[in-house]
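Okay, structure first, notes after.
Atom set for the values below is all heavy atoms of this structure, side chains included, hydrogens, waters and symmetry mates excluded.
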Amino acid sequence: MNGGMSDMSDQMRIPCVIMRAGTSKGIFIKENDLPKDQALRDKTILAIFGSPDVRQIDGLAGADPLTSKLAIIGPSTRDDADVDYTFGQVSIDGTVIDYSGNCGNISSGVGPFAIDESMVRAEEGVTMVRIHNTNTGKILRAEVEVRDGKAVVSGNCKIDGVPGTSAPILMDFASTAGAATGKLLPTGNVVDVIETSKGAIEASMVDVANPCIFVRASDVGMKGTETPSEINGNKALLELLEELRAKGAVMMGKCKTEEEARTKSPAFPMICFVTAPADYTDFTTGNTIKADEVDFVARLMFMQVLHKTYAGTATACTGAAAKIPGTIVNQVIPDIEHKTRIRIGHPAGVLPVVADVKDGHVEKAAFERTARRIMEGYVYVETSKIYGKQP
């Protein structure tokens with residue numbers, strides 16, 4: 001898309017692209033097409049998304065945490081990257097835009113976007129796009145199939161949670177260890193104890209791509225194979241998981257207080273409960289996923305509700321956690337020392353991740369995603385929502 005913000009009396013016209021990236025959907029905007037002032041920029045973004053409103057009816061977002069995501073793409077500010085990318089998790093019924101972490105699914109759309117917008121030189125066959133994620137200060141690498149100078153869409157890669165197949169995009173997050181806290185194991189321990197209102201619960205805190213907190217499903221009173229409706233309808237469970245998340249955020253140094261974790265960093269760290277391989281039902285199809293199809297079963301919380309599939313950054317973090325001896329994830333996977341390809345059983349299917357950790361160094365944390373440009377054009381926002389009432 002070319003051209004920046006354009007005034008049309010009481011509305012402004014802003015170029016944007018809507019992309020399905022992985023199992024999420026986001027609004028992609030070039031950095032130069034948003035106000036430079038942070039406060040004005042955030043007001044503009046909220047207006048674009050239609051927040052705050054539980055339906056986001058007056059904006060582009062879809063009233064779901066997985067479709068209320070933002071990618072801001074600009075020229076690289078680093079010599080070792082091709083583009084800068086800032087992720088924002090936009091609140092649905094609030095005015096907070098959480099810039100404290102990244103989204104692996106949305107990240108998979110950055111390479112194709114940058115290629116199609118001529119922000120990087122396209123190489124026929126496969127183009128490697130080096131992405132500087134400004135949220136974490138880390139470099140992501142995306143391998144994107146290219147034909148005739150544009151990102152390829154059609155292909156045979158199938159990811160559970162997305163209909164059909166598309167061209168694969170290989171995302172490697174190996175260089176993002178310690179992205180948020182400075183350390184692969186933020187507390188220095190493979191297992192910590194979090195004191196909660198329900199008693200002491202063991203947890204593993206790992207920081208790759210985005211920091212995650214892992215607990216056993218049985219320790220929070222769950223089987224680990226529940227559907228989204230079973231989890232989201234369990235108020236006591238949601239309160240306990242948020243308590244664990246907030247306390248863990250403080251322990252790992254991500255936030256200073258539990259209140260800060262709840263109000264200013266609602267998306268990160270993420271919390272996940274895991275269990276050993278088991279049969280369960282894919283809530284999207286009703287089909288049974290067999291225990292021998294997965295290496296373990298996981299349920300990931302995102303923005304205080306269950307992620308309907310599995311977040312991309314959490315995939316990288318979970319893969320790394322699986323390869324660190326003694327973590328909660330490592331404990332539930334049979335014969336893990338002989339595996340580098342690890343199959344995560346999530347609510348809508350199975351997600352493989354290739355991970356390897358040696359001597360505390362993450363050598364691989366990669367997974368395949370797909371992405372597709374759905375719409376490009378202009379979004380109109382009322383100037384009064386940004387600058388106040390105009391005379």
Distance (rounded to the nearest 0.5 Å) between [X] [atom1] and [Y] [atom2]:
X: Met205; Y: Asp192; atom1: CE; atom2: CG; answer: 4.5 Å
X: Glu243; Y: Ile271; atom1: CD; atom2: CD1; answer: 10.0 Å
X: Lys43; Y: Thr95; atom1: NZ; atom2: OG1; answer: 10.5 Å
X: Asp160; Y: Ile289; atom1: CG; atom2: CD1; answer: 6.5 Å
X: Phe302; Y: Asp64; atom1: CZ; atom2: CG; answer: 10.0 Å
X: Leu40; Y: Tyr387; atom1: CG; atom2: OH; answer: 5.5 Å

Give a yes or no on whether [X] and [Y] share a hydrophobic cluster (residues Ile, Leu, Val, Met, Phe, Trp, Tyr; joining criterion: side-chain heavy atoms under 4.5 Å apart).
X: Ile194; Y: Val274; result: no
X: Val215; Y: Val206; result: no
X: Phe173; Y: Val354; result: no
X: Phe296; Y: Phe273; result: no
X: Ile344; Y: Ile159; result: no

Is there side-chain contact between [X] and [Y], with at least one heavy-atom pair below 4.5 Å?
X: Glu123; Y: Val146; result: no
X: Asn330; Y: Ile324; result: no
X: Ile18; Y: Lys25; result: yes
X: Thr318; Y: Val353; result: no
X: Ile72; Y: Arg41; result: yes
X: Pro168; Y: Glu145; result: yes
X: Asp98; Y: Pro266; result: yes
X: Ser100; Y: Lys254; result: yes

**Q.** Residue of the set Lys30, Met375, Glu376 for which side-chain contact (heavy atoms from CB on, under 4.5 Å) holds with Cys16
**A.**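 The side-chain contact (heavy atoms from CB on, under 4.5 Å) with Cys16 is passed solely by Met375 among Lys30, Met375, Glu376.
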
Between [Y] and [X], do the side chains contain a donor N or O and an acceptor N or O under 3.5 Å apart?
X: Thr288; Y: Asp279; value: no
X: Asn105; Y: Thr23; value: yes
X: Arg121; Y: Thr127; value: no
X: Glu230; Y: Asn234; value: no
X: Tyr378; Y: Asp33; value: no
X: Gln56; Y: Ser51; value: yes
X: Asn102; Y: Ser107; value: yes
X: Thr86; Y: Thr134; value: yes

So does [Y] get a backbone contact from the side chain of [X], meaning a donor-acceptor N/O pair under 3.5 Å?
X: Glu124; Y: Asp148; value: yes
X: Asp207; Y: Ala180; value: yes
X: Asn135; Y: Phe87; value: yes
X: Arg299; Y: Glu226; value: yes
X: Asp58; Y: Gly50; value: no
X: Ser108; Y: Ala371; value: no
X: Thr165; Y: Gly155; value: yes
X: Glu202; Y: Val193; value: no
X: Asn210; Y: Gly101; value: no
X: Arg245; Y: Pro269; value: yes

Q | Trace of the side chain to side chain contact (heavy atoms under 4.5 Å, CB included) decision for Val110 with Val129 | A | CA-CA 9 Å; Val110 177; Val129 182; 5.6 Å; no

Q: Take Glu293 and Lys290 through the test salt bridge (charged side-chain N to carboxylate O under 4.0 Å, His left out) and record every step on the way to the result.
A: CA-CA 5 Å; Glu293 297 178 73; Lys290 298 290 188 180; over 6 Å; no

Between [X] and [Y], what is the shortest heavy-atom contact and its length?
X: Leu300; Y: Leu306; result: O-CD1, 3.4 Å
X: Pro352; Y: Phe367; result: O-CB, 3.8 Å
X: Ala348; Y: Phe283; result: CB-CE2, 4.1 Å
X: Cys272; Y: Tyr310; result: SG-OH, 3.4 Å
X: Gly149; Y: Ala122; result: O-CB, 3.7 Å
X: Leu184; Y: Gly360; result: CD2-O, 3.5 Å

(Q) Applying side chain to side chain donor-acceptor pair (under 3.5 Å) to Thr340 and Asp356, what does each step give before you reach the verdict? (A) CA-CA 6 Å; Thr340 55; Asp356 196 16; over 6 Å; no

Surrounding [atom1] of [X] (heavy atoms of other residues, nucleotides or ligands, distance under 6.0 Å), is the total greater than 12?
X: Lys36; atom1: NZ; answer: yes
X: Asp80; atom1: CG; answer: yes
X: Lys138; atom1: NZ; answer: yes
X: Arg78; atom1: CZ; answer: yes
X: Lys256; atom1: NZ; answer: no
X: Asn189; atom1: CG; answer: yes

Q | Option from Arg341, Lys339, Lys323 for which salt bridge (charged side-chain N to carboxylate O under 4.0 Å, His left out) with Asp295 holds | A | Lys339

Q. Does Arg373 pair with Glu117 as a salt bridge, N-O distance under 4.0 Å?
A.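 Looking at Glu117 together with Arg373, the answer is yes, because their closest N to O distance falls below 4.0 Å.
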
Q: Anything under 30° is parallel, anything over 60° is perpendicular, the rest tilted; go ahead and classify Phe113 against Phe28.
A: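 Plane angle between 30° and 60°, so tilted.
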
**Q.** Ser24: partners by side-chain hydrogen bond (donor to acceptor under 3.5 Å, both in side chains), with sequence neighbours left out
**A.**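 Not a single residue meets the side-chain hydrogen bond (donor to acceptor under 3.5 Å, both in side chains) criterion with Ser24.
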
Q: Dump the intermediate steps for side chain to side chain contact (heavy atoms under 4.5 Å, CB included) on Asp172 and Glu143, then the final yes or no.
A: CA-CA 9 Å; Asp172 192 351; Glu143 295 181 16; over 6 Å; no

